[in-house]
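First comes the structure, then the notes that go with it.
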Amino acid sequence: MLSELEVGSTGIIESVNLPPGVHNHLMYMGFLPNARVQVLHRAPAGDPTVYAIDGLEIALRRETAQAIQVRSTRSTQPAARLPRTRRSLSKDAE
Amino acid sequence: MSECCTPAPYKPPAPVDNSQALRTIALIGPPNSGKSTLFNRLTGLRQKVANYPGVTVEQRMGAMAGIGRNDLTLIDLPGIYSLDPFSEDARVSVEVLEGRMPNTPKPDAILLVLDSLHLTRQLMLAAPVLALGLPTMVLLNMSDLMEMRGGEIDPLRLAQELGAPVARISAAKGTGLESIQLFLNRHRGEDANLAVTTVLPVVGNAVSAHKWAAQVSARTGYRAPLSQAASRRLDAVLLHRFWGPLFFLVVVFSVFEVVFSIGQPLSDGLGDVLARAGAYVTGFLPDGWLRSLVLDGAWKGVSSVLVFLPQILLLFLFIGILEDSGYLARAALIADRVMRSIGLNGKAFIPLLSAYACAVPAIMATRTIENKRDRLATILVAPFMTCSARLPVYMLFIAAFIPPIAFVHGLVGLQTLVMLGLYLLGFLAALATARLLKSSILKSSQTPFILELPQYRMPTLRSLGLRLWDRGGVFLRQAGSIILAVTLTLWVLANFPRHNGAAPELTQSIIGRLGHWMEPAIAPLGFNWKIGIGLISSVLAREVMVGTMGTLYGSDPQTQSLSLQTALRHDLPLGGAVALMVFFAFAMQCTSTMAVVRRETNSWRWPVLQFAYMLVLAYGAAFAVNWAVHLLWM
């Protein structure tokens, strides 16, 4: 799940399971299958989270990100300047 | 329409029958692509522009005077991602484009504005727009920024791919606009179909639209600018767990500190100038009722409101910087957690923040909230946010009643703290009311929160200047119309019935009798009858309160020679003064807001309910505060 990726890590979107209106909106913002998404920041309260996708920065709440299935990638884009860029080791979301 | 340079085409009309001269042009583009900035450029108008998605929530029209084409009407539409409507403002765009919007002509041509920084994704909108079949020009906005950051695009190739003219522009700097001129001058409908075959994707399907957009941008050699490293580094601090909220609080606090420490002296100076000017001008009038009308009635009333112009402008300057820089979206993100606890989401926070300036545009901005119940709840609580019309009232009573004590080596003033407290009070009332509404009559399931964070931008002086000019104009017009009318009416009511040809004692005048008649109702709040009159007249607009005080104390021989602040101190106990500020924090004293709520909710039920609720709350809180001050100090 997208919500499980840690800050600094990158994933590839597999599917989005949300009601049609929201789903459509997210797709036009770039949340499409095979799109690469990077976790940028979490809001001070820990939620929502800012994701970089398709050159944009989009904030989503946890429950929305939970409905987006991703597979994590090892070959991440350089994200070394971000704080806490520890990547989860073997969190392969199904 | 004496247009010398556009003679009727002598060629037989092209097969398509839209070959007449263009009349109406629509500006379309995704949110935050710079449509409103371009609209301002092309029309010379001052549309509100900010760096967050969803600023324009209804279509606006203007003649294209900015490029000397007064014969053309330009329509600015809310930003859309696609033509499948998802939220209210997207629906507005679709209706205008299809000519189904009442009182809005169907556009004959389209200017499609795309943000060059994110061209691939923005091109997804090009497909359904081109499929409308109207003459369309594609404008690659912020192309200067894109190049500066290492991006690349070949406009000619793109024009071939799209079958539409393409130009690189910068709406913020005003470059590239001559290509729009060319497009509008040349376009007669016959050169629309160049020898290009454009293959559009299936309309209404995000996957195919994205695929198409990606292919087009690859074929035209688009290279996205390098990542927004600076913006992200800034966010690493501004969204930091600890520094983020701290920065937010510091920003809010310093806004008020500056409004006080710089605004107050400016305001005092302006007051001096106005008082002298009034005395000088009325020196030419004979002593008598006319002089009293001009000086005590009109001039004192209006100038008591005018003196707050510096503070209002400072407040709008700060709000403008926050909006234009892109920080506002981050504030919404930080606030999402709080908003969620009351059943709303961070998107509702943006209208609420702009309600600090004025509730009217804020209520219109709620159209970006997709969920109807969330939107209604936001509309109902927005007037609790401390709008700029409350500022004159607060400033007057704080300056008169709160001593200028400073703490922490003069960094923190008691007056600033009281002001912040009042702002906080309004905010808390909004939160509590929203919570109440969302857990009762407006209960709904949580809607997803999807917020696009724009890149940080340096606010341009032009944009800030236009904004101040605009808001200053609104404030001055208000002072010259409503407030002038109210103060003149009050003067008449305070000077009649005539007593042996002279003005009556104030208590014997019509207004005095009216005031004394209603005094029992407001006495428990610590208010005197003059305040009571102010409460009634300020239902029109909050700052009328200050003008009313100016006229009433100016008409009273006992207080005529004193400054308004001193007069108030003589006439009103501390409990009443604090209670009055609290009353204004809660009460809905604004007919413009009620009108806009009526329009947006399509019924009188909500504004009436809102007015009654806020009045009851204001009365109760003022009563409690007056009582508490009495207990503590007496």
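Protein chains get the first letters and strands the later ones, always in sequence-line order, with residue 1 at the start of each.
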[atom2] on [Y] to [atom1] on [X], rounded to 0.5 Å:
| X | Y | atom1 | atom2 | result |
| --- | --- | --- | --- | --- |
| A/L32 | B/R121 | CG | CZ | 10.5 Å |
| B/I450 | A/L18 | CD1 | CG | 7.5 Å |
| A/H41 | B/L238 | NE2 | CG | 9.5 Å |
| B/Y81 | A/H25 | OH | NE2 | 5.5 Å |

| message | For B/K438, I'd like to know if atom NZ has over 12 heavy atoms of other residues, nucleotides or ligands within 6.0 Å. | response | yes

Of all heavy-atom pairs between [X] and [Y], which one has the smallest distance, and what is that distance?
| X | Y | result |
| --- | --- | --- |
| B/D235 | A/E57 | OD2-OE1, 3.7 Å |
| B/M124 | A/Y28 | CE-CD2, 3.5 Å |
| B/R232 | A/A52 | NH2-CB, 3.5 Å |
| A/R61 | B/L344 | NH2-O, 3.3 Å |

Determine whether [X] and [Y] make a side-chain contact, defined as any pair of heavy atoms from C-beta on separated by less than 4.5 Å.
| X | Y | result |
| --- | --- | --- |
| B/R340 | A/D47 | yes |
| B/L333 | A/P48 | yes |
| B/F242 | A/P44 | no |

| remark: side chain to side chain contact (heavy atoms under 4.5 Å, CB included) test vs B/L239 passes for just one of A/T49, A/L40, A/V50, namely A/V50

| task | Answer with side chain, backbone, both or neither: which region of A/I58 has an atom nearer than 4.5 Å to a non-hydrogen atom of chain B? | result |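 Both parts, backbone and side chain.
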
| query | Under 3.5 Å, is there a donor-acceptor pair between the side chain of B/R337 and the main chain of A/A45? | reply | yes

| query | Which residues pass the side chain to side chain donor-acceptor pair (under 3.5 Å) test with B/S217, sequence neighbours left out? | reply | B/T120

| field | Verdict with supporting geometry, B/H210 and A/M27, side chain to side chain contact (heavy atoms under 4.5 Å, CB included) | value | CA-CA 9 Å; B/H210 188 269; A/M27 285 203 295; over 6 Å; no

| query | Among all residues two or more places apart in sequence or in another chain, which pass the salt bridge (Lys or Arg N to Asp or Glu O under 4.0 Å) test with B/D154? | reply | none

